[in-house]
Structure formats: C-alpha cells, structure tokens
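Worksheet: the structure to be examined is printed underneath.
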Amino acid sequence: MRLSHSFGKTLREAPAEAELVSHQLLIRANYIRPVGAGMYTFMPFGYRVIRKIWRILAEEMDAIDGQEMWMPNLNPAALWQATGRWNSVDVLFKLKGNGNREYALSATHEEVVVDLALREIESYRDLPRMVYHISKKFRDEPRPRGGLMRLREFIMKDAYTLDRSEAALDEYYPSMIQAYFNVFNRCGVPTVAINADVGAMGGKTSQEFTVPHPQGEDVFIACDNCGYAANVEAAEFVREGERPATLAALTKVETPDCKTIADVAAFIGVPTSQTIKAVFYWWRPRYVETPGEGQLVFALVRGDLAINDTKLVNALGGGFVRAATEDEIRAVGAVPGYASGVGLTPAQGLQSPGVMVMADTSIEYGGNYVVGANEEPYHYTGANYGRDFAVSKLADIAQADTGHKCPVCGGRIEAKRAIEVGHCFKLGTRYSAAVNATYLDENGQPQLIYMGSYGIGLDRLMAVVVELHNDKDGIIWPDSVAPYQVHLVHIGKEGDGTKARAEALYERLLAAGVEVLYDDRDGLGAGVKFKDADLIGIPWRVTVSARSLEQGGVEVKRRSASERQNLTEDQLLGLLKG
RNA sequence: CGGGGCAUGGCGCAGCUUGGUAGCGCGCUUCAAUGGGGUUGAAGAGGUCGUGGGUUCGAGUCCCGCUGCCCCGACCA
C-alpha cells in the first residue's frame, strides 16, 4: 500500500474526548473514526487488523472442530420470544418493519443457533457439533465508552457447541478454554480466566477471560497464593469472626444523627463488624418495570461488608433489583437510616406474605450487634440473629474485597480491575428446552441438546492489544495482528536517485509476498515520516535513503527496539522470510 | 436512569464575565527553500459559532427548550 494513496491520514492531536490510550492512538494513527456514540468506522488499516484477528480466531476454532458459518443480524421477533429473551434482554435493539412485523438486531446468536439445531439435529449421530461465526452484534448499551471498549455495534466471534449430554460438554469444554488462551496469546494479550456470573445468558457456569488493567470495567478477586480468581459478582470468601460466648440483652439507645454505619459504630464505640447494615432493594421479575409487579427486598450484611447486587439477585433466584425508594421502604414499616430486621416478620419466599429479608451468612459470624430500631433516632445494642430477629434466607450475598480470606486456601485475596475480552458459558439446556430442541438417542428416545456459547469481541480485543502495546510515540503492534509487516520509508530529494531504489524494493517485497506499507510521499522531511511510522506502529521499519544506500542498502529497525541495522536487500528478504 | 462537563473550519483551542458581525496553532492549497525525528518563509482556501425559540437596534456572547458527545455512577450477554 502506498501511503500517498491511503484513505485518511494521521492526526497530530487526538480528539479531546478520547481518554483511553488505545482510543487516542487508534484515532490518531488512522485506524478508526467515530460515527456516533458506540459506533466506529474501521478505516483501511483498522480493518486489516480486524482481519488479522479474524484469521487467528478462525484458525483456533477450526483446530477444535469448529465450522465457520454466517448468521443474519436481523432476527424475527418470534425467535427471541420463543426463548423468553424478547422482554428480558434490556439491551436488545428492537425494530418494526412494514406492518406489524417486529425484529431484533442480533445481540448474540443463541436464538438463531438453537433454531437451527431444532431443524438440523435429529439423531445422536448428528452430535457433537461446533459452529461459529464472526459478525456484528448490536446492543443498546446505556453508556458506550472508551473508544472500542464498549460499543453499541461491535464485531464478535461467537461459537456454539451442541452436545448429547452435560458430560460430553464437560469433556469438550477444556479444549475451548485452551483455544481461547491460544487466541489471546497469539494476539499478545495475556489473560486470566476467572469464574464469573452467568448473567442474562443463563446456564450453569461461565469463565471470563480478562486482562488486568487499571481502567477495566470489571472487578475480580484474585488469590496470589493459590491462583483462585473470580469476578466479584461470583467471588466467594471466608467470613471471619465468631459468635460471642455470652449474649448481651437487647437494649434500645438513642443515636441522634447516626444514619450511616460509620456514624453509628463511632457513636456507640464498636467496630463496624459489630453492626448490621440494612439495604433496601426493589425486586421485580422482568427488566421492564410494571406498576404493581415486584416487591421490596430487605438485605442484611455485617457492617464491615458490602452487598453485591448480582449475588443478591442470584440468591433470590433471578430477576432484577434496584435501590428502593424511601416511600417503598416506609410502606413495610422500616425507617431508612434506622432499619433492621428486629420487629419484622420475614416472608418465606418471594410469593409469600411478609417482608423478604435476605441476609448474608456473615451475620452468623458475630453477635451483640448494633442494629436499627426502626424508629428515629434509636438503635438497639446486643441484637443477635435468631434470638432477636429472623430472616427469610441466609445466603452468600456479600462482596469479596481486598484483605478477605480466600475460599480455597485461606490466603489473602485482592480485588483488581480488568477488561473482559472473552467469555465461555456452559448453557446446558437453557435454550434447547425453551424450543424443545431434541435429538433421538440410541434407544430412540428424544433428549434435550446441551449447549455452550463462547464469545470474543474483536474490536475490544484490538483495543486491548493497543492498551498493552504502545509507547509515547504510538502503537507497537505484535507481528501477529499488525496491519502490515513492513513500513518502507523513502527519504530523499528529487533527482538523487533514492526514489527509484525505494520503488524497486517496494515491488520486490510485494513480489515476495511481504505485506508492505510504503511511505512514498514526496517532499516530506524524514522527521514527519518517522513520526508517522512510530504512530502507526508496524513491526519492521525499513528506510531507503542516500545514507542507507551509502552504507550498502537499507536501514532496518524494529518498532519495539531502538537499534537500527544496515542490511542489503537480500539480507532483508532473508530476515523477513526467516 | 442519577451526577458532572462540553458543543466555535478536518483536529486542538481562544473569544462569552462586560452583546457591536469571528481569531490562533496543527492540517489543507500554491510557490520557494530544506532534506535522518512532526523543518522554514511567503501567499491562500475553509466557519449562517450543534439546534429551535426568546430578549435586543444588534446575539458566538444573555434567557428558555431540544439534540448530540464525553466522564463518574447505575446498568452491562
């Protein structure tokens, strides 16, 4: 490619709104251009990087018996209604065609795949199968951000496995995990696989592939001692503390202006771990909030811990929660700031009368608590679980954090930020059951197909590569995903004969099958061309100039290194081919 | 959805406090010089100041509405 013919150009300054390094560099170096919030055009260089990642993905998927196909991005509403996700996936883009026909833009492709499986898979002889495709996904994200990090329209490799049984899926699963590590390693992105919440995907378990990064959106828990790693939405930890030997009497004390745990603990003179925090949520079964649907959920956790919403939802068996309003709280007889389970009658379940009181198991690891009196401005001291208040359900709903005890080895865990670049889900029969996708086993009996789904966002992966591979001058692409292998730079003035030599080398490299970006622009100083080369970040820089010719040929420099060496053209070809 | 910020030429910004018909750097065009780290000089092109309304003799500037974009949070397959 001749730079003199390339579409678009590099920018000296990035747009002010670009904050992430990858965002700034990808725009400055002419890889991407913004179109709207969460929408980007991949310029020619950028698209070449996407194609490189594409090829790596295809190779790794093919290596584990994957078959690449291509599914539509426009889906009939019926497909999504059949699995129940038409109304439960909040980020689903919905649109209407002529008349009343409704469609969804593909947010993912479980629906299409399970519908295909329903039609194509008849016998156990048709299993197992693995199909994948690389195409656009559309999600109405409330807040796109970070350039390519979170988009409304993005490119995803999504693979789907169809198996006879859970055991068969379990057997295959590790090869997919390995393929994922291969993909990320080949792209120069070392990842950590962590246990994660399955979220709206449904299913049993999932592994998230993340890259530790200070500006990542995910928080995960890691144990340096044993290697335990999990997303905070799923991370477990050991509750520490003991029940006191003697239980104090329940005593009401006046606590003026004590609306937070810290206030109360300081006022009474106890550690926060000797208090119980009460948090109110409004739970509803579907994302869409309908008046009259849903109910208040009262969540309790020991005062030194915090509640994790996702864990709470899982403990409730699904649905959605938001913070309850003050009116909703008062309606059940609790007082915001002075609330506790004392005096409340816990419901047996979501459908039963009474107040749903969810408590973290941590309240069992302590006692003689300071809790709200449900009366302003009073708290109780000496409150004990079981004697003074009851709960609907004890569950693991507290968020693990730095300093807590590892559930595996008892070591100290740490909370870290990370970017999620891939996710593997064991879906089980979540989708096949919804549409009754079955096969006939050896006995002629219909059995549900076991599914798995496995995604990698190409755009986000590209951004992460840049986050990990750059310096003050620009991008430093790993060879595997670089848009070109060689950045050929010509420096010289008209009539000095250098241009002809550069042109000849360009033709020779092309003939040898080398991917070359050739800076053939006339009249530019060496500084401009070198700055652009550094910004664009192609692995090899090859310079043809009067100086290089005097020294016998071409000057060769790795983008990642500072040394330069002079080689003959033959040596250069040998280097690139070797 | 809650909080904050921004919107002036392709990009980065000034002008707004105190209303008087828009300016700087980069980039772009032309010419000349330079020719190994965003080089230099000269001459140019390019903006109904996001949008709708209001106040005013007069609005980029003041007031109200809307839209878009960015950041934090919520949310997030």
Side-chain angles (χ1 to χ4, degrees), chain A residues 8-20 23-24 27-28 30 33-39 80 83 85 88-92 106-111 137-147 149-152 154 156 158 196-203 206 208 215 217-218 231 233 281 287 289 309-310 313 320-323 325 420 422-425 427 430-431 453-457 460 472-474 489-496 498-499 519 521-535 541 543-551 555 557 562 564:
Chain A
K9 60 186 61 159
T10 59
L11 303 176
R12 191 176 291 216
E13 291 171 289
E17 63 266 20
E19 294 211 339
L20 280 185
H23 191 191
Q24 295 171 348
I27 287 178
R28 282 190 57 207
N30 193 216
R33 290 289 181 253
V35 173
M39 293 161 257
W80 288 76
T83 60
R85 292 209 297 177
S88 73
V89 175
D90 51 326
V91 295
L92 190 66
S106 54
T108 176
H109 282 81
E110 279 79 14
E111 274 70 12
K137 292 285 180 286
F138 300 85
R139 294 180 189 178
D140 194 4
E141 293 289 350
R143 183 151 96 83
R145 71 184 92 183
M149 286 299 175
R150 180 169 288 285
L151 299 164
R152 291 214 171 100
F154 60 103
M156 184 180 235
D158 40 328
D197 178 66
V198 295
M201 291 294 294
S206 78
E208 204 174 1
Q215 290 176 87
E217 294 183 282
D218 277 22
N231 191 299
E233 295 176 348
Y281 291 89
Y287 177 75
E289 211 167 327
D309 294 1
T310 304
V313 166
F320 299 83
V321 293
R322 62 164 169 77
T325 65
E420 176 188 351
H423 211 147
C424 293
F425 297 88
L427 298 173
R430 158 72 179 83
Y431 294 91
S453 93
Y454 317 85
I456 291 178
R460 186 182 287 182
K472 66 173 174 47
D473 295 313
V489 178
H490 165 248
I491 298 169
K493 47 188 168 187
E494 268 186 72
D496 67 0
T498 54
K499 187 71 180 281
D519 193 345
R521 295 173 298 178
D522 293 322
L524 291 182
V528 174
K529 293 191 169 191
F530 288 151
K531 285 288 183 190
D532 265 347
D534 287 345
L535 220 207
R541 189 184 79 190
T543 307
V544 172
S545 66
R547 184 197 286 184
S548 80
L549 292 172
E550 276 168 26
Q551 291 171 350
E555 178 194 272
K557 178 184 172 298
S562 53
R564 306 158 183 195

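Keep in mind that this is a model prediction, so the values were computed, not measured.
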Where along nucleotides 26-37 of chain B does protein come under 4.0 Å, by heavy atom, of base (B) or sugar-phosphate alone (S), with - for untouched nucleotides?
SSS------BBB
Between the protein and nucleotides 3-9 of chain B, list the N/O to N/O atom pairs that are separated by less than 3.5 angstrom.
none

To the nearest Å, how far apart are [X] [atom1] and [N] [atom2]?
{"X": "Glu233(A)", "N": "rA74(B)", "atom1": "CD", "atom2": "C1'", "result": "13 Å"}
{"X": "Ile27(A)", "N": "rG12(B)", "atom1": "CD1", "atom2": "C1'", "result": "13 Å"}
{"X": "Glu17(A)", "N": "rG68(B)", "atom1": "CD", "atom2": "P", "result": "16 Å"}
{"X": "Phe154(A)", "N": "rC76(B)", "atom1": "CZ", "atom2": "P", "result": "15 Å"}
{"X": "His423(A)", "N": "rC76(B)", "atom1": "NE2", "atom2": "P", "result": "13 Å"}
{"X": "Arg521(A)", "N": "rU39(B)", "atom1": "CZ", "atom2": "P", "result": "12 Å"}
{"X": "Glu19(A)", "N": "rC69(B)", "atom1": "CD", "atom2": "C1'", "result": "13 Å"}
{"X": "Phe320(A)", "N": "rA74(B)", "atom1": "CZ", "atom2": "C1'", "result": "14 Å"}

Using atom [atom1] of each nucleotide, how far apart are [N] and [M] to the nearest Å?
{"N": "rU8(B)", "M": "rG4(B)", "atom1": "C1'", "answer": "22 Å"}
{"N": "rG50(B)", "M": "rC6(B)", "atom1": "P", "answer": "14 Å"}
{"N": "rG53(B)", "M": "rA59(B)", "atom1": "P", "answer": "13 Å"}
{"N": "rU29(B)", "M": "rA45(B)", "atom1": "P", "answer": "15 Å"}
{"N": "rA22(B)", "M": "rG5(B)", "atom1": "P", "answer": "31 Å"}
{"N": "rC49(B)", "M": "rU21(B)", "atom1": "P", "answer": "15 Å"}
{"N": "rG23(B)", "M": "rA14(B)", "atom1": "C1'", "answer": "7 Å"}
{"N": "rG68(B)", "M": "rA43(B)", "atom1": "C1'", "answer": "38 Å"}

Pairing check on [N]: which nucleotide meets the Watson-Crick or G-U wobble criteria with it, both distances under 3.5 Å?
{"N": "rG38(B)", "result": "none"}
{"N": "rU21(B)", "result": "none"}
{"N": "rG65(B)", "result": "rU51(B)"}
{"N": "rG2(B)", "result": "rC72(B)"}
{"N": "rG60(B)", "result": "none"}
{"N": "rG44(B)", "result": "rC28(B)"}

If you compare all heavy atoms of Trp80(A) against all heavy atoms of Thr108(A), which two are closest, and at what distance to 0.1 Å?
CZ2-O, 3.5 Å
Which residues pass the salt bridge (Lys or Arg N to Asp or Glu O under 4.0 Å) test with [X], not counting sequence neighbours?
{"X": "Glu111(A)", "result": "Arg85(A)"}
{"X": "Lys137(A)", "result": "Asp158(A)"}
{"X": "Arg28(A)", "result": "none"}
{"X": "Glu141(A)", "result": "Arg150(A)"}

Is the side chain of Arg322(A) donor-acceptor paired with the backbone N or O of Tyr281(A) at a distance under 3.5 Å, no angle test?
no
Residues forming a side-chain hydrogen bond (donor to acceptor under 3.5 Å, both in side chains) with Arg521(A), sequence neighbours excluded:
Asp519(A), Asp532(A)
In chain order, what residues pass the side-chain hydrogen bond (donor to acceptor under 3.5 Å, both in side chains) check against Asp534(A), with sequence neighbours excluded?
none
Touch check for Ala107(A), heavy atoms < 4.0 angstrom, all strands: base, sugar-phosphate only, or nothing?
base
Using a heavy-atom cut-off of 4.0 Å across all strands, would you classify Gly146(A) as base, sugar-phosphate, or nothing?
sugar-phosphate
Face-on cation placement of Arg541(A) at Phe530(A) ring, 6.0 Å and 45° thresholds:
yes
Would Ser548(A) and Thr543(A) count as a side chain to side chain contact (heavy atoms under 4.5 Å, CB included) if you check the C-alpha gap in whole Å, the side-chain angles of each, and the deciding distance to 0.1 Å?
CA-CA 7 Å; Ser548(A) 80; Thr543(A) 307; 5.5 Å; no
By nearest nucleotide on RNA chain B, pick out whichever of Leu92(A) and Arg28(A) is the more 5' one.
Arg28(A)
When you match Arg143(A) and Asp309(A) each to their closest nucleotide on RNA chain B, which lands nearer the 5' end?
Arg143(A)
With sequence neighbours excluded, residues passing ring pair (Phe, Tyr, Trp, His ring centres under 6.0 Å) with His490(A):
none
Can you figure out which of rG12(B), rC69(B), rC72(B) approaches the side chain of Pro15(A) most closely?
rG12(B)
